[in-house]
Amino acid sequence: MRWSRYFLYTSKEDPADAEAPSHRLLLKAGFIKQVSAGIYEILPAGWRVLKKIENTVREEMDKSGAQELLLTVLNPAELWKETGRWDTYGSELFRLKDRNEREYCLGPTHEEEITDLVRKYVHSYRQLPLILYQIQVKFRDEKRPRFGLIRGREFLMKDAYSFDRDEESAKMSYESMKYTYERIFKKLNLETVTAQASVGQIGGSYSHEFIAFTEYGEARVGFCKECGYAANAEIIPLKQILHSAEKEKPIKKVPTPGVKTIEELSNFLGIPPEKIMKAVLYITNENKPLLVLIRGDREVDENKLEAVLGTDEFRLAQDDEVRHILKTEKGFIGIFNLPPHVEVLWDNSLYGVKNLVVALNEPDYHYINVNPGRDFTYGDFVDIAEVKAGDPCPQCSKPLEVKKGLEVGHIFLLGTRYSEPMRAYFTDSDGKEKAFVMGCYGIGISRIMAALVDQHHDEKGIKWPLSVAPFELEILCLNMSDEAIRKTAEALYKEALEKNIEVLFDDREETAGFKFADADLIGIPYRIVVGKKVKEGRVEIQERNTGNKQDIPISNAISYVLKLIGKEK
RNA sequence: CGGGGUGUAGCUCAGGUGGUAGAGCGUCGGCUUUGGGAGCCGAAGGUCGCAGGUUCAAGUCCUGCCACCCCGACCA
């Protein structure tokens with residue numbers, strides 16, 4: 001491809017509205033163009049990358065025995081009503097009507113449609129197991145689209161669905177997908193960890209997430225280098241820990257005027273946060289107050305709280321609610337003088353802590369040296385603390401590491417969550433009618449492109465791994481008006497094409513510096529620089545990833561590149 | 001959906017106290033230049049997010065709306 005004719009337009013300025021590196025660089029390099037919030041056009045160079053990602057996914061899925069098909073974007077409402085998700089999916093579902101007032105949605109995922117399809121054709125255990133998949137644009141009206149391709153409202157996804165005769169066989173399908181996913185991410189040069197995950201809204205019995213490490217991810221993973229355990233932080237259990245037998249000191253009321261936060265209180269009293277009881281007031285769905293108690297150095301993980309309460313219908317109390325219910329101010333909430341209708345939950349972190357600092361629901365005062373048994377009695381203990389680095393691994397108790405990451409794949413063992421309500425049955429070998437045991441498996445194709453940029457870039461631009469690069473080779477002609485240089489570059493371009501190298505030829509009438517800057521930005525792994533060394537019969541080979549440069553005779557250049565990209569036999 | 005921010009040329013931005021719009025980059029024409037975002041000369045390019053209002057006069061003041069970005073609860 002000649003750049004002078006290519007629909008690839010880079011920008012010298014950083015785009016104003018992009019913060020994440022992947023977002024900024026993909027826009028700046030001219031790979032994507034924003035149309036509206038969370039909706040992007042994929043431009044030719046970006047599309048080349050996306051197709052490579054897609055093909056890698058496709059190759060491995062096919063190898064696993066899964067079969068590709070294409071479902072519809074426009075889904076009839078009836079199917080969604082069968083599973084109840086027409087009502088429960090909420091405003092994230094793009095809904096529309098046709099000219100006859102029939103209701104449709106733009107498919108955000110395809111459990112309903114695939115189950116409908118399979119129930120029409122598969123009636124016997126002899127046709128199982130079965131895995132079908134598609135690569136298609138998905139639509140989700142996200143509350144908050146973010147970071148360009150990382151969270152879009154329209155995005156490319158690979159979704160697969162497995163159908164098995166029983167749980168045991170379904171687990172085998174699940175395991176084979178898990179293995180396939182790990183191979184895919186490895187091939188794509190995307191560093192991921194396979195983490196146990198919560199099943200969330202989709203339902204089912206168990207689930208894994210594939211998390212790519214990046215600063216701009218929205219997930220937190222805890223993992224253990226010792227035993228290999230890894231899980232989304234929101235499901236890692238934290239147990240009660242017995243504390244050393246400290247001597248109980250006499251309880252004392254101390255003035256703490258205007259001291260509001262745990263940090264201020266800790267500094268004011270000279271007592272570490274580990275010995276302060278933090279109390280957080282929530283309001284539950286029935287407008288009931290719920291007081292959550294946790295150690296001062298800990299945060300409440302609202303995902304865990306949701307799991308404990310069995311609902312996400314709760315929120316933090318407002319300042320005036322705190323005043324009204326507890327007759328105190330934020331910062332002075334405690335367990336003493338509690339109105340009887342306030343429900344209380346104790347986080348495991350508080351268990352056994354002695355000589356605590358506790359507020360008493362009276363502004364500007366705290367008790368110090370408060371002790372369990374003597375000064376108060378425990379209520380119900382639950383696990384609602386956010387996991388931090390250094391917390392014990394639930395498997396081997398060694399300290400965990402915690403990192404931020406981006407969910408690029410998620411697999412679920414669904415069971416009969418969809419097949420049962422949709423009456424998707426087959427006849428088993430015992431002659432009995434049974435519901436399919438299903439699994440579903442997603443990979444965010446366009447999100448992977450963003451994750452790859454996040455993992456492979458520097459201050460100058462993108463450094464595409466060869467496996468997904470839009471081109472394998474870029475030829476830079478540094479001076480188009482110099483006859484000898486131009487002819488050499490043209491000849492090398494022709495030779496590269498003949499050898500089936502994916503090559504971008506920068507034949508634009510621009511200066512050398514301009515072309516180098518652009519080359520760094522768009523991140524093609526290898527380049528041949530054709531400049532004044534042509535007089536000495538040489539060109540320069542550069543590697544974007546390592547920055548390595550070396551001169552080479554013109555006649556050897558292409559065969560050297562072939563070796564680099566592994567196409568040489 | 002709450003909180004914060006921003007909308008002016010293709011892009012990045014500047015435009016005290018109201019007086020009819022500017023720069024750099026990019027684009028077009030010309031000359032010079034060519035190994036790390038070149039120089040000079042000339043030109044084109046705007047419903048100042050939208051709608052009202054105040055005023056002799058609004059990019060600027062007032063009201064309402066919209067869009068986009070960022071921070072919090074969901075997801076690939």
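The analysis underlying the following values was restricted to heavy atoms, covering all of them including side chains, and did not include hydrogens, waters or symmetry mates. Below, read A as the first sequence line, B as the second, and so on, with proteins coming before strands; counting in each chain starts at 1.
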For RNA chain B, just give me the dot-bracket, please: Watson-Crick or G-U, both distances below 3.5 Å, ( ) intra-strand, [ ] crossing earlier pairs, | paired with another strand, . unpaired.
(((((((..((((.....[..)))).((((((.....)))))).....(((((..]....))))))))))))....
Checking contacts here: which listed nucleotide (B:G36, B:C75, B:C11) is nearest the side-chain heavy atoms of A:S11?
B:C11
Quick one: label A:G409 by what it contacts on the DNA or RNA (base, sugar-phosphate, nothing), any heavy atom closer than 4.0 Å.
sugar-phosphate
Could you tell me whether A:R153 sits above the aromatic face of A:F139, with NZ or CZ closer than 6.0 angstrom to the six-membered ring centre and within 45 degrees of the axis?
no
Can a donor-acceptor pair be found between the side chains of A:H410 and A:Y181 at a distance below 3.5 Å?
no
How are the rings of A:F213 and A:F223 set relative to one another: parallel (under 30°), tilted (30 to 60°) or perpendicular (over 60°)?
tilted
Hey, does A:Y9 reach any base, or is it just sugar-phosphate, or nothing, if we go heavy atoms under 4.0 Å?
nothing
A:N303 near the nucleic acid: base, sugar-phosphate alone, or nothing, with a heavy-atom cut-off under 4.0 Å?
sugar-phosphate
Is A:K178 salt-bridged to A:E175, going by a charged N under 4.0 Å from an acidic O?
yes
With heavy atoms under 4.0 Å as the rule, sort A:E209 into base, sugar-phosphate or nothing.
nothing
Base, sugar-phosphate, or nothing: which does A:K138 touch, judged by heavy atoms less than 4.0 Å apart?
nothing
Under 4.0 Å, heavy atoms only, any strand: does A:D159 hit a base, just the sugar-phosphate, or nothing?
nothing
Please confirm whether the backbone N or O of A:R146 pairs with a side-chain atom of A:R151, one donor and one acceptor, at under 3.5 Å?
no
If only side-chain N and O atoms of A:T511 are considered, is one of them under 4.0 Å from the OP1 or OP2 phosphate oxygen of B:A38?
yes
Measure from the ring centre of A:F516 to the centre of the six-membered ring in the base of B:G36, then say whether that distance is under 5.5 Å and the planes meet at under 30°.
yes
Indicate yes or no: does A:K278 engage A:E299 in a salt bridge with an N to O separation below 4.0 Å.
yes
For A:F514 and B:G36, do the ring centres fall under 5.5 Å apart while the planes stay under 30° apart?
no
A:K463: which residues meet the salt bridge (Lys or Arg N to Asp or Glu O under 4.0 Å) condition with it, sequence neighbours left out?
none
Quick one: label A:S36 by what it contacts on the DNA or RNA (base, sugar-phosphate, nothing), any heavy atom closer than 4.0 Å.
sugar-phosphate
